[in-house]
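Let me begin by presenting the structure, written as C-alpha cells, before commenting on it.
Every chain is numbered from 1, with letters handed out A, B, ... down the list of sequences.
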Number of protein chains: 2
Amino acid sequence: MQDDDIATIMRALGHPVRLNILRILSNQQRPECCCADVTESLTLAQSTVSQHIKVLLDAGLIERKPRGTRNCYIVQHERLAALGSAYSGMVAALGPATPKMEAEPA
Amino acid sequence: MQDDDIATIMRALGHPVRLNILRILSNQQRPECCCADVTESLTLAQSTVSQHIKVLLDAGLIERKPRGTRNCYIVQHERLAALGSAYSGMVAALGPATPKMEAEPA
DNA sequence: CATGTATATCGCAAGATGACGATAAAATCA
DNA sequence: TGATTTTATCGTCATCTTGCGATATACATG
C-alpha cells in the first residue's frame with residue numbers, strides 16, 4: 001500500500017463522526033443499514049451525513065448496496081485490516097517498536 | 001483512548017509528507033535529527049516543514065529536544081503503538097475481523 | 001556586544017473541509 | 001400517472017489546511 005493510500009484512509013478516519021458512522025454501520029442489531037438510519041443516530045443534517053459517507057466510500061472503507069429506494073452501506077473490514085497491516089509494517093520499519101521492553105545487554 | 005484522540009492522530013498521519021517526516025526522523029544513520037535535516041530531505045520550504053512538524057508535535061507523535069540553536073525531534077514509538085492498539089481494538093469491536101477466514105459451518 | 005545560524009511564528013493566498021438548506025434523481029406504491 | 005420516500009448533489013458560508021516568504025526569537029560564537 002502506498003503512502004498516498006495510507007494517508008487518504010487515515011484522513012477519512014480522522015474525524016470522530018466518521019468513526020461513529022463506521023460503528024453505526026457495523027451494529028449487528030441492524031443487518032442492513034442505510035443513510036437514514038445513520039442520520040437518525042446522529043445530530044447532523046442528512047446532507048452532512050451523506051457527505052461523510054461519501055468520504056468513507058471514496059476511501060474504500062464502506063461499500064454501497066442499492067436496496068429499493070434506499071442505499072445500504074457495508075463496512076469493508078478487509079480494507080480496515082489492510083490499513084492495520086500497512087500501519088504495523090510502517091511502524092515496524094520506523095525503528096525499534098518497544099525498545100524499553102527489550103532485554104538490555106549488560 | 002478517545003475517538004477524538006484517535007481522530008486527531010489519524011489526521012496528523014493523513015498527509016504523505018508527514019509520514020515521510022516520521023521516516024526521516026527515524027533514520028538510524030542520523031541519531032539526532034533537526035528541522036534543517038528534514039527540510040534538506042524534502043522539496044519544501046523550511047516554514048512548511050516546521051508547520052508539519054508542529055502537527056506531529058501536537059498529536060504527540062514526536063517530541064522536541066533543544067540542542068543548542070537546533071531543535072531535534074524524536075519519534076514517539078509508544079504513541080504510534082498506542083494508536084495501533086486503539087485501532088485494532090476499534091476494528092475488532094466493529095465486527096467480524098475476517099469472516100472469510102473462518103470455518104463456515106455447513 | 002555584534003554576528004551568524006536554526007527555527008518558530010506571522011501574514012497571506014489558494015484550495016479543501018464541514019456544516020447547512022434546498023433540490024434533483026431514482027425507486028416504490030397508490 | 002402521481003405521490004412518497006430515500007438519498008445524492010448543489011450552492012453557500014465559515015473555518016481549516018497547505019504552501020510560501022518574511023520576520024522575530026533564541027542560542028552560540030567571535
request  = Please state how far atom CG in Leu19(B) lies from atom C1' in dT18(D), giving the value in whole angstrom units.
outcome  = 16 Å

Atom-to-atom span, NZ of Lys54(A) to P of dT17(C) - whole angstrom = 11 Å

inquiry  = Can you measure Leu25(A) atom CG to dT7(D) atom C1' for me and round it to whole angstrom units?
reply    = 14 Å

task = Send over the distance from Ile53(A) CD1 to dA19(C) C1', rounded to a whole Å.
result = 15 Å

inquiry  = Taking 4.0 Å as the cut-off, does a side-chain nitrogen or oxygen of His15(A) come that near to OP1 or OP2 on dA19(C)?
reply    = yes

request  = Looking only at side-chain atoms of Thr69(B), point me to the closest of dT7(D), dA6(C), dT9(D).
outcome  = dA6(C)

task = Kindly compute the distance separating CG (Leu56(A)) from CG (Leu19(A)), expressed to the nearest 0.5 Å.
result = 8.5 Å

ask   = What heavy-atom pair brings Gly14(A) and Arg11(B) nearest, and what distance separates the two atoms?
value = O-NH1, 3.0 Å

inquiry  = Do Asn71(B) and Cys35(B) have side chains that approach each other closer than 4.5 Å (heavy atoms only, starting at C-beta)?
reply    = no

ask   = Mapping Leu57(B) and Thr43(A) onto DNA chain C by nearest heavy atom, which one lands closer to the 5' end?
value = Leu57(B)

Closest nucleotide among dA19(C), dA6(C), dT7(D) to the Arg70(B) side chain = dA6(C)

task = Output the single nucleotide from dT9(D), dT9(C), dA19(C) whose closest atom is nearest the side chain of Ser50(A).
result = dT9(D)

request  = Please tell me which of the listed nucleotides, dG18(C), dC20(D), dT9(D), lies nearest to the side chain of Gln51(B)?
outcome  = dC20(D)

query = Looking at Arg64(B), does any N or O in its side chain come under 4.0 Å of the phosphate oxygens OP1/OP2 on dT7(C)?
reply = no

key: Residue whose nearest DNA chain D nucleotide is more 5′ - Gln46(B) or His52(B)   = His52(B)

N/O donor-acceptor pair, side chain Thr48(A) with base dG18(C), under 3.5 angstrom = no

request  = Would you tell me if any nitrogen or oxygen in the side chain of Arg67(B) comes within less than 4.0 Å of OP1 or OP2 on dA28(D)?
outcome  = no

message = Let's see if you can work this out: which of dT18(D), dT7(D), dT7(C) has an atom nearest to the side-chain heavy atoms of Cys35(A)?
response = dT7(D)

note = Checking Val55(B), Val49(B), Leu44(B) against Val17(B) for side-chain contact (heavy atoms from CB on, under 4.5 Å), the one that qualifies is Leu44(B)

message = Please evaluate residues Asn20(A) and Val38(A) with respect to the criterion side-chain contact (heavy atoms from CB on, under 4.5 Å), reporting the C-alpha separation (whole Å), side-chain torsions for both, the decisive distance (0.1 Å), and the verdict.
response = CA-CA 9 Å; Asn20(A) 249 315; Val38(A) 176; over 6 Å; no

Between dA19(C) (P) and Leu42(A) (CG): distance, integer Å = 10 Å

remark   = Leu56(A) CG to dT17(C) P, in whole Å, measures 13 Å

task = Find the distance Asp58(B):CG to dT17(D):P and express it as a whole number of Å.
result = 10 Å

request  = May I ask you to say whether Arg23(B) pairs ionically with Asp3(A), meaning some side-chain N is under 4.0 Å from a carboxylate O?
outcome  = yes

query = For the side chain of Ala45(B), counting heavy atoms from C-beta on, which of dC20(D), dT7(C), dG21(C) is nearest?
reply = dC20(D)

Separation of atom CE in Met10(B) from atom P in dT17(C), rounded to whole Å = 17 Å

query = Counting side-chain heavy atoms from CB outward, which of dG21(D), dT7(C), dT6(D) is closest to Cys34(A)?
reply = dT6(D)

key: First encountered from the 5' end of DNA chain C, between Gly68(A) and Arg18(A)   = Arg18(A)

